[in-house]
Number of protein chains: 2
Amino acid sequence: MSIKDSKIEVEMNRGFLQIMVLLALETPMYGYMMLRFIEKIGYSVEENTLYPILRRLEKNGWLSSRWDVEHDRPKKYYEITEEGKIIRNKLLGIRQKQTGVISKLMKEVNNG
Amino acid sequence: MSIKDSKIEVEMNRGFLQIMVLLALETPMYGYMMLRFIEKIGYSVEENTLYPILRRLEKNGWLSSRWDVEHDRPKKYYEITEEGKIIRNKLLGIRQKQTGVISKLMKEVNNG
DNA sequence: ACAAATACTGTATATCGCACAGTATGTCAA
DNA sequence: TTGACATACTGTGCGATATACAGTATTTGT
């Protein structure tokens with residue numbers, strides 16, 4: 001294989017990770033908690049990948065955050081915003097369209 | 001909306017475009033022909049996006065190409081290689097896994 | 001003959017996933 | 001009680017990609 005497999009996954013993660021985060025944060029969660037949650041549902045993200053995504057999505061106005069300093073060590077809870085929901089649905093729409101293209105092509109490959 | 005919609009599509013295209021090209025090139029095609037073909041099946045790619053992808057995938061050994069200079073103006077026909085098929089299946093596998101994660105999350109969003 | 005469509009190449013840029021490096025608090029076994 | 005490990009985060013830098021911008025050359029339609 002001329003290109004490392006890891007590189008492929010990086011490419012495939014692009015776009016998808018946003019969807020995953022925006023879907024998960026229907027319920028408020030802090031970063032580290034999400035890492036565990038994502039593993040639990042059968043995927044995995046790098047720590048170094050998730051934290052920047054959270055910051056970026058917040059900067060875009062798609063997430064809001066608040067610090068919980070009352071219990072244990074400080075935790076930054078994130079939650080999806082209304083604008084975030086709109087974007088999320090848009091992303092899901094694009095993905096669905098792509099999935100349609102893929103299945104159309106797969107049919108041709110099998111029949112052709 | 002704080003971020004232009006076009007940017008979203010760029011993100012979502014990442015990874016997907018490779019899959020689309022690798023699936024389409026089960027049948028040999030040249031660049032311009034593919035542009036039309038992709039439109040026909042209900043998607044669209046920029047000329048400036050497709051050509052670099054074709055070159056890159058060939059450089060990776062996932063596509064092979066040959067020039068047809070016999071008819072009309074010169075056309076560069078591309079076709080998927082065996083290695084390309086392996087990669088394509090890997091990409092499809094990752095995408096399926098992602099789809100699984102998404103539907104799991106969607107269920108929680110609806111029930112939670 | 002002139003515009004538009006065809007069919008490509010080459011360079012530059014912004015963005016993002018992730019690597020690398022670092023800070024600080026809490027827990028638990030030896 | 002100390003020091004290893006888990007928790008919980010921040011900040012900087014790099015490489016790869018989608019796409020913009022610019023350009024070349026041939027063919028077709030009017």
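Per chain, numbering begins at 1; letters A, B, ... match sequence-line order.
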Any side-chain N or O of [X] below 4.0 angstrom from OP1/OP2 of [N]?
{"X": "A:Thr49", "N": "C:dC18", "answer": "yes"}
{"X": "A:Arg73", "N": "C:dT27", "answer": "no"}
{"X": "B:Lys76", "N": "C:dC8", "answer": "no"}

Quiz prompt | Positive for ring-ring contact (aromatic ring centres under 6.0 Å, His included) with A:Tyr30, one of A:Trp67, A:Phe37, A:Tyr77 | solution =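 With A:Tyr30 as partner, ring-ring contact (aromatic ring centres under 6.0 Å, His included) holds for just one option, A:Tyr77.
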Quiz item: When you match A:Pro74 and A:Val45 each to their closest nucleotide on DNA chain C, which lands nearer the 5' end?
Solution: A:Val45
Practice problem: Nearest-nucleotide wise, let me know which of A:Ile53 and B:Tyr32 is further upstream toward the 5' end of DNA chain C. | Solution: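 With B:Tyr32 and A:Ile53 compared, the 5'-side residue is B:Tyr32.
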Rounded to whole angstroms, how far apart are [atom1] on [X] and [atom2] on [N]?
{"X": "B:Ile19", "N": "D:dA18", "atom1": "CD1", "atom2": "C1'", "value": "16 Å"}
{"X": "A:His71", "N": "D:dA8", "atom1": "NE2", "atom2": "P", "value": "13 Å"}
{"X": "A:Lys75", "N": "C:dA24", "atom1": "NZ", "atom2": "C1'", "value": "13 Å"}
{"X": "B:Leu54", "N": "C:dA7", "atom1": "CG", "atom2": "P", "value": "14 Å"}
{"X": "A:Tyr51", "N": "D:dT10", "atom1": "OH", "atom2": "P", "value": "8 Å"}
{"X": "B:Glu9", "N": "C:dT15", "atom1": "CD", "atom2": "P", "value": "17 Å"}
{"X": "A:Met12", "N": "D:dT17", "atom1": "CE", "atom2": "P", "value": "14 Å"}
{"X": "B:Ile94", "N": "C:dG17", "atom1": "CD1", "atom2": "C1'", "value": "14 Å"}

Kindly say whether, by distance alone, the side chain of [X] makes a donor-acceptor pair under 3.5 Å with the base of [N]?
{"X": "A:Arg14", "N": "C:dT15", "result": "yes"}
{"X": "B:Glu11", "N": "C:dC16", "result": "no"}
{"X": "A:Glu47", "N": "C:dC18", "result": "no"}
{"X": "A:Asn13", "N": "C:dC16", "result": "no"}

Quiz prompt | Nucleotide nearest A:Asn48 when distance is taken to its side chain, options C:dC8, D:dA8, C:dC18 | solution =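 My answer, after comparing the listed nucleotides, is C:dC18.
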Exercise. For the side chain of A:Leu17, starting at C-beta, report the closest nucleotide among C:dA21, D:dA20, C:dG17.
Key: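 Ranking C:dA21, D:dA20, C:dG17 by closest atom to the A:Leu17 side chain puts C:dG17 first.
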Exercise. Could you check B:Tyr51 against B:Arg55 for side-chain hydrogen bond (donor to acceptor under 3.5 Å, both in side chains), going step by step and ending with a plain yes or no?
Key: CA-CA 6 Å; B:Tyr51 283 116; B:Arg55 291 180 223 148; over 6 Å; no
Quiz item: If you look at every strand shown and take non-hydrogen atoms under 4.0 Å, does B:Pro52 touch a base, only sugar-phosphate, or nothing?
Solution: base
Quiz item: With a non-hydrogen cut-off below 4.0 angstrom, is B:Arg55 in contact with a base, only sugar-phosphate, or nothing?
Solution: base
Quiz item: Got B:Glu26 and B:Lys85 here, is their nearest side-chain heavy-atom distance under 4.5 Å?
Solution: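 B:Glu26 reaches B:Lys85 side chain to side chain.
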Quiz item: Is there a side-chain contact between A:Val101 and B:Phe16, using heavy atoms and a 4.5 Å cut-off?
Solution: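 Touching, per the 4.5 Å side-chain cut-off.
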Quiz prompt | Short side-chain to backbone donor-acceptor contact, B:Ser65 and B:Lys76, under 3.5 Å | solution = no
Practice problem: Compare every heavy atom of A:Leu54 with every heavy atom of A:Met34, then report the nearest pair and how far apart it is. | Solution: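 Shortest heavy-atom contact: SD-CD2, 4.3 Å.
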